[in-house]
Structures are given as C-alpha cells and as structure tokens.
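Here is the structure we will look at.
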Amino acid sequence: MTLDFLNELNASQRVAVEYVDGPSLVIAGAGSGKTRVLTYKIAYLLELGLKPWSILALTFTNKAAREMRERIETLVGPERARGLWMGTFHSIFNRILRRESEKVGFTPNYTIYQPSDTKSLIKSILKELGLDEKEYKPGTVAARISEAKNALVTWRDYVNDGETYKRDTYCKMPLIGEIYKRYCERCRQANAMDFDDLLLNTYLLFKYNGETRQKYAKAFRFILVDEYQDTNFAQHQIMLQLRDEGNRICVVGDDAQSIYSFRGAKIDNILKFTHQYEGARLFKLEQNYRSTQSIVGAANSLISCNEEQIRKEVFSENEPGQPLLLNVVYSDVEEGEIVSHRIQTLHATMRLPYNQMAVLYRTNAQSRIFEEALRKKAIPYRIYGGRSFYDRKEVRDVLAYFRLIVNPNDEEAFKRIVNYPTRGIGDVTLAKVIAVATEKECGVWDVLERPKELGLEVSGGTLSKLEKFHAMIADFIRVRDDADAYVLGNRVIHESGLYAEAYRNNLPESKEMQENLSELLNGMHSFVDIQRETGNMEEAKLADYLSEVALLSDTDDRETEGKDMVTLMTVHSAKGLEFDAVFVAGMEDNLFPNAMAMNSRRELEEERRLFYVAITRAKKFCYLSCAKSRFRYGSMDFCEPSRFLKEIDKRFIRLEMKTAQKGLNRGIGGTASRFVQPVDNLRVAHSVKSAVMTSGTRRLRPIPSNHDVKTEGEVRQSLRSAAGVIRVGQHVIHERFGEGTVLSLEGTDDVAKARIRFTNMGEKTLLLKYAKLKLMD
DNA sequence: ACTAATAACATTTTT
DNA sequence: TGTTATTAGT
C-alpha cells in the first residue's frame, strides 16, 4: 500500500490532509470535498502507521459515520480500518460511558431515554409538584433542561444561579430548577440517561476522574470531527478535555451551513476555533465540484449578506449552467402543479432520473401539496419526515418490555407496559408504586421485589397482579444474558400478550401492527445474524440491540435506496445530500425566512444559511417558487416573496413568467395522467435501517411461532441473491471482505445465507439479503 | 377501561 | 386544516 491515493486530491485538499502535526480547522465550502478530506486524512494517518484504535472520528449521523468507514475501507482495506473509533458523538460517548458508568453513578445497563420519555417524566413531575401544564409547558421545560445540559450546567449549578432564577421567574417559571433537580434524581433512580446526558456525563466523567480522562486523551492520538459548525458547547468542551500534548485534532466544517443553532449548536465553536487551539492551522477548501457556476454564484451572493462568517471565495470550474429559475404562482396548489409538471418534463425531455430530483421546503406541512400533485401525475416519490418506525405505538411497547428486562428500574418503560396489555393495574396503583420508589429513593423494580418491606399499600388482589407481572419480567431477566436478542425478543412478544393483542381482531390498523411487529423481529433477526457473521455473538444480546437502536437515526433508509423516486424533504434534512435538480418551494416571507425566525439578526442569518444549504444541494438545476397565497392553519394567507430572493445576484436568477394555467393539465403527449393509479409511492417515515433494521420488506409476514425460532434451511446448490442467482463455487466480491468463493448455501428468502471463503478474510457466513456481493465469472 | 367528543396546537430536530 | 392529547361519559 502506498500513498498514491493522495494524488486524487486537489492541492488545497492535499495540504489539509497532510498536515498532522497539530490542530487544524478545515473550512470547507459546500461541495468542496469535505468528507473526502476527512476520509483521506484518516487513511493517511493509518498509512503513517497510526493504529486504528488510536484514531477518534466523530460525526453527527450514523449515516455519515458508516459512509466514511466504507470509504476508508476502500482506501486502505477493511482489515486496517477495523478498530477505528468512528461514530456519532452520542454513540462514541455511550460506548465510553457503558464502560465507565459506575464512575458517574450508573450501572452499565442504563437505559437511554428518548425525548418522549423525557417529556412524560416531566409531566409526572409537574403533576407531583401540583403545577399547571399551561404555565409550565412540558416541551418548554424540557427545552430549558436540555439547554442547561448542553451548556454543561448541572442541576446544582442551575439552582444556585441567581441570574437563571431571575430569568425563569421573569418567564413565570421559577420552579424550573426544582423540576430539573427532580428530573435528574428520577433519571438516576431509573438508571436512565437522555441524549443530553450522554454528553454531560461524559464531560463530568472526565472532569472528576483525571485518570480516566488521561486514559482516553492518551489513547486517542488523533481526533477528527465532521460538521464542526454543528457542535454544541458540551461537545466542544469534551474535545478540549481530550486534548493531549500535540493537540492533534482536525475539525472540518462550514460556518455557512450552520443550521442547527436552535438545537444548541454554537457557531462560535468554529468561528473561534483558531483562537482556542493555539497554533491551529486554517485550511480553506473553496473549489466547488458539485454545482454549476450559476448555482455557486447565486449561493455566494446570498451568503455574502450575512455579517457573521468566515470569508471565503467558493468557486466552480464546472460549466456556467443556467440561472436559478423563479416561478411566482397564485397559490400553493398551483405551486405543486408547476413543480410536478417540471419534474415530469425534466424526466421526459432531459432524461433526468427521478432520484436526481428533490423538492425542498421549510416546513413539513408543505409536503402534502406536493404529494398530491405528484400522485396525480403518477410520479414516484418518497417523503422524509413524519413518524419514524420507532415512534409507532406497538414498536415502542415492545421496546419498553425490552428496556424493562435490561434495566428493570426504567420507570418510563414500566409506566408504559405495566398495564399493557391490560392486567388490571390502574393509574392509582402505578402512582403508588412510583411514589414509594421516589420516597425510598430506589427504583420501581425494587418496589416490585419487596413491596411489603418498602411499604407499598395496595389491596391483596392488586398485589397479586403486580406479583404476576413481576414474575413474568423476572423470568425474562433470568435468560437475558444467555439468549440472543432475537430468541428472547420473540419470546417476549408472545408471552407478554403483545402478539395476541395485535392478532386479536382484523382491523386495518391491527394488520399494520402485525406488520410492524414482524418487521421489528426481522430487524432483530438480522441484527443477531450480522453480529454472528462478524464474530460478535457475545454482543448479540437484548442489551446490545437496545443500545444500538436507541441511538439510531432514521434519515438513512436502505429500503428505498436506489429506487427511482423524487425526494421530498425539509431543507434541514437535505444537508449533506445533492441532486441534479432541486426545487426550493415556498420562497415567501414568513415562511422562508420563517416568521418565528425574524426577530433577531442571528436568527435571520440562520435562515439565510438554510437557504444557502438548499441552493447548494443542486448540481445542475435549481428552481425556486413562491406563491401569492397559501392555506395555513385552515385559512388563506396572502404572502410576499421572500426577502432572500432580492439578495441573489441578478446575473444568476431569472424570473419565469409562465403561469401555471397554461399547458398544465395537458400532460406530456396529451395523456390524461390524472387517472393513473398512484403506485409505487412510499412514505419513508424516516424509518430505521442499517444493520439493526434493514428488513427490506413491507410484506405481511407471519411472526414465527414460539417454537419455530430458527428455520434451518436445507442445503442448496443455487439461490437468488440481491445481485442475481448465486451458486456454490461462485466467485464473488464483497465490499468489505474482498474476493471469495461460495462454499455452501442454505435457507431461502430473507434467511438465505451463503458460506463464503474469502481470500484475505477467511470464511464467513453472510445473509444474502444484506451482504453486498458482486457476482464474478 | 374504553370510546367519543372536544380542546389545543401547529418551524426546523443529525442523537 | 389536520393532528394529537386530554376529558367526559358510558
């Protein structure tokens, strides 16, 4: 292996990659090869002889981490990339905290609370304090607590801070500190951490355990961070804690694409990076390889209106391209029509595939109109956003059982399922159990274990119901560490009564429940299989599964990956993506920029950056549209064009006068397309994928019965795989494992597996459904 | 304990 | 307008 791959970089990318002697900041304009620099730099470090486990690479999404790993593996080979500490901030810190949990007062099996758990717990606390939910809105309280944690303010700091108290009093919520305190106590009681705690507790771990901090600071010889403009204060501080002599850290980002400050991201982290890290080198990547000159020019002129930024000159040497086209239409409906019409035209005349087109909007509510318009023309589309798979009630119920089994003191999980399916344990009993737990400062499970001792006062009948529930969970706990996640999960679904619940009647929604349950089980099955295949059978337990799903993002979706469909999504979720043609819809004042964000310059600048992100997603064509009226909250709203439109240099934008009236209802070729069946449209529900949940099917598949846990497939000579028909003796290439020969085949359909001997990696059994195999010969 | 009716609400949301 | 959460009623 040589350093030849460095030749694939341009000059500025290359210097950024090759500087490894100290801290550096890489300001990477949109489309300038930011991720490329990161991946090549990691590959370079590996080539220099750094051990994979001494490199820490942090991203914001699982998808980004996965893609980076894949790219590194192609550069240096999978075996040399193994052991890299690469993942999201949360997953890496979770990994550290699981090891060190005792030092921060948790046990290693702690639960990760989802935002919904947080909200529910806050509601309980409000009730206990006798506070009115109208004065103390749970969402607002949760946001305050989250804000505090991201600023590394513990509840003790919070209640001791007079300024904060004044501010809360001014907002008529003087008791936020008290709620924060109770919230933390209850989390501890339940052995649970929320997303913010994963950061805060990592910080506290390092702060109060010098040795531990040093251990990690020394272990990580080089730290790399992607999308640094999106880091919050906590993340930034933890990076500082991990500083070791040499300060070898490289952060990459684009201040112009900072669009998450409303969630606590501090743009200052990147703006002031070079001041905080003494001697930090600054590299700028200014050549855009993605877009035409018009698109880059338009984006540049827009962003130059922001005061707060690191000046840079992004340029493109691609073709000039056509200017941005702006359409002003009368209504939101017409906007839908004109956009879908253009999509149709681009597809028919320019031969643009649908998956190279995206409709971007500021708010999710705008999606509906486009959905309707596209469906009318039978254009396939997918929508990102909305409810994720794990937000479904039935899925959350199952996961609550899992959580309780792994961490029986998980109060929120307990609340959710103690009486579901119905067991005659009502709200009153529930409240009593929790009250005793809080009173005695123990977990809910302790109360179930020793109800009398702890003074739980319930009737004999109620007690026996609780005992029954306790016995069931205890049964599961007994096998928790032996059975694999799938086997146990399957048992839980049956023995808890959830299975019966889903199959009780024949309503359409129960059918959906059944599908979701089986999809969840499928996901667990593949999780276990993949762990087994990769030799991690010891990490295929329920706890491992839970830990992984808790931090899974839903943005990446393998199911519709590669399908030829138009993408509909918010501008926020489009960050990091690119399309040949991009439609930015709803370019009106009060919508984009959003009315809520027009109170301060800072907020307006963030909206402008958001628009910048939208434009720079386009490779060739960028269409803007703006309606004069639209329905909002049930009534007609008259709108003015967005102020941002005027900020774009006239050379790069053109107003298209064509109204939608003409030529609209005449489809290409005069076909009356409105009668075409709305086929092939998929709502992608931001659902969960990757190794844990990749089941590529929505087909109804019966849940295997209790005893039919694993079907041993008969020996076969050939099988259908994702890549085609595969047979014994076949030569294949695997993305990570390289070349190999098929030794044997077993199972069918979703459980079809191939035993393959790889030239460099030895023998492996792979699930055909997931293994990315290329067939040779 | 479940259903039906009604009130409240509604930017964006990588984990 | 459309959804979601709470509440009242059986």
Side-chain angles (χ1 to χ4, degrees), chain A residues 58-66 87-94 112-116 118-120 123 127 133-134 137-139 142-143 146 149-150 193-199 202 226-232 234-235 257-265 332 360-369 384-388 390-391 393 419-428 547-556 569-577 586 590-599 603 606-607 609-611 613-614 630-637 686 688:
Chain A
L58 297 168
T59 63
F60 277 85
T61 64
N62 293 298
K63 192 181 173 201
R66 195 173 53 238
T88 63
F89 277 93
H90 290 82
S91 70
I92 294 289
F93 294 165
N94 181 39
I112 297 171
Y113 270 179
Q114 300 295 320
S116 53
T118 296
K119 222 174 152 194
S120 152
K123 278 187 187 173
K127 202 169 258 173
E133 282 199 15
K134 272 165 202 131
K137 293 202 182 104
S146 169
K149 287 181 178 175
N150 286 160
M193 295 191 202
D194 62 27
F195 287 143
D196 301 317
D197 289 330
L198 292 175
L199 307 183
T202 301
D226 193 13
E227 308 274 22
Y228 207 76
Q229 76 280 356
D230 289 334
T231 51
N232 62 30
Q235 289 160 329
Q257 292 185 64
S258 161
I259 54 174
Y260 282 104
S261 76
F262 71 93
R263 270 179 98 268
D332 46 2
L360 309 183
Y361 33 77
R362 179 63 240 266
T363 66
N364 278 311
Q366 289 167 258
S367 68
R368 175 183 241 92
I369 301 263
Y384 283 83
R387 252 148 277 95
S388 92
Y390 287 113
D391 280 340
K393 184 192 173 296
N419 197 34
Y420 185 81
T422 318
R423 305 186 171 86
I425 301 171
D427 291 345
V428 182
S547 194
E548 192 149 338
V549 295
L551 294 173
L552 260 194
S553 122
D554 338 309
T555 349
D556 51 319
M569 62 168 97
T570 63
V571 183
H572 280 92
S573 24
K575 202 183 70 174
L577 305 177
N590 293 326
L591 182 59
F592 199 175
N594 196 279
M596 310 287 216
M598 297 216 283
N599 308 310
E603 285 176 303
E606 176 142 320
E607 292 287 302
R609 290 192 295 268
L610 193 57
F611 188 26
V613 167
R630 72 171 61 237
F631 267 97
R632 279 237 262 181
Y633 309 143
S635 60
M636 184 77 90
D637 204 26
H686 253 191
V688 178

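No hydrogens, no waters, no symmetry mates; every other heavy atom, side chains included, goes into these values. The chains referred to below are lettered A, B, ... by the order of the sequence lines, with proteins before strands, and numbering in each begins at 1. What you are looking at is a predicted structure, and each value in this text was computed from that prediction instead of being measured.
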Base, sugar-phosphate or nothing for [X]? Non-hydrogen atoms, less than 4.0 Å.
X	result
A:F195	base
A:K119	nothing
A:A597	base
A:E607	base

Would you tabulate the pairs of protein nitrogen or oxygen atoms and nucleotide nitrogen or oxygen atoms of nucleotides 1-3 of chain B closer than 3.5 angstrom?
residue	atom	partner	partner atom	Å
B:dA1	OP2	A:N419	ND2	3.2
B:dC2	OP1	A:T422	OG1	3.1

Report the distance from atom [atom1] of [X] to atom [atom2] of [N], rounded to the nearest whole Å.
X	N	atom1	atom2	value
A:K134	C:dT6	NZ	P	11 Å
A:L360	B:dT13	CG	P	12 Å
A:R632	C:dG2	CZ	P	16 Å
A:R66	B:dT14	CZ	P	15 Å
A:K123	C:dT4	NZ	P	13 Å
A:L58	B:dT14	CG	C1'	13 Å
A:N94	B:dT15	CG	C1'	11 Å
A:H90	B:dT14	NE2	C1'	9 Å

Task: Ring-ring centroid check A:Y384 A:H572, cutoff 6.0 Å - done: no
Open item on the list: Assess whether a salt bridge exists between A:K575 and A:E227, defined as any Lys/Arg side-chain N lying under 4.0 Å from an Asp/Glu carboxylate O.
Closed with: yes
TODO: Answer yes when A:R632 and A:D332 have at least one side-chain N-carboxylate O distance shorter than 4.0 Å, and no when they do not.
DONE: no
Given [N], is OP1 or OP2 found less than 4.0 Å from the side-chain N or O atoms of [X]?
X	N	answer
A:K575	B:dT12	no
A:N62	B:dT14	no
A:T570	B:dT11	no

Task: Along DNA chain B (nearest heavy atom to each residue), the more 5'-positioned of A:R362 and A:F60 - done: A:R362
Task: No-hydrogen, no-angle side-chain donor-acceptor test under 3.5 Å, A:T59 and A:D226 - done: no
Task: CG on A:N94 to OG1 on A:T202, rounded to 0.5 Å - done: 8.5 Å
Looking only at the side chain of [X] (C-beta and beyond, no hydrogens), which of the listed nucleotides [options] gets closest?
X	options	answer
A:R368	C:dT3, B:dT12, B:dT15	C:dT3
A:S573	B:dT11, B:dT13, C:dT6	B:dT13
A:Y260	B:dT11, B:dT13, C:dT6	B:dT13
A:H572	B:dT12, C:dT6, B:dT15	B:dT12
A:N364	B:dT15, B:dT12, B:dT11	B:dT12
A:T363	B:dT11, B:dC9, B:dT14	B:dT11

Open item on the list: In whole Å, measure the gap between the C1' atoms of C:dT3 and B:dT14 for me.
Closed with: 25 Å
Open item on the list: Using the C1' atom as the point on both nucleotides, what is the distance between B:dT11 and C:dT6, in whole Å?
Closed with: 24 Å
Okay, side chain of [X], backbone of [Y]: is any donor-acceptor separation there less than 3.5 Å?
X	Y	result
A:S261	A:G264	no
A:Q114	A:A550	yes
A:N232	A:Q235	yes

TODO: Mind telling me whether A:F60 and A:F89 have parallel, tilted or perpendicular rings, with 30° and 60° as the class edges?
DONE: tilted
- [ ] Kindly label the base of B:dT11 as syn or anti, based on whether its glycosidic torsion lies within 90° of 0.
- [x] syn
Open item on the list: Taking donor-acceptor contacts at under 3.5 Å, does the side chain of A:R263 reach the base of B:dT11?
Closed with: no
Task: Base of B:dT12 and ring of A:F262 stacked, centres under 5.5 Å, planes under 30° - done: yes
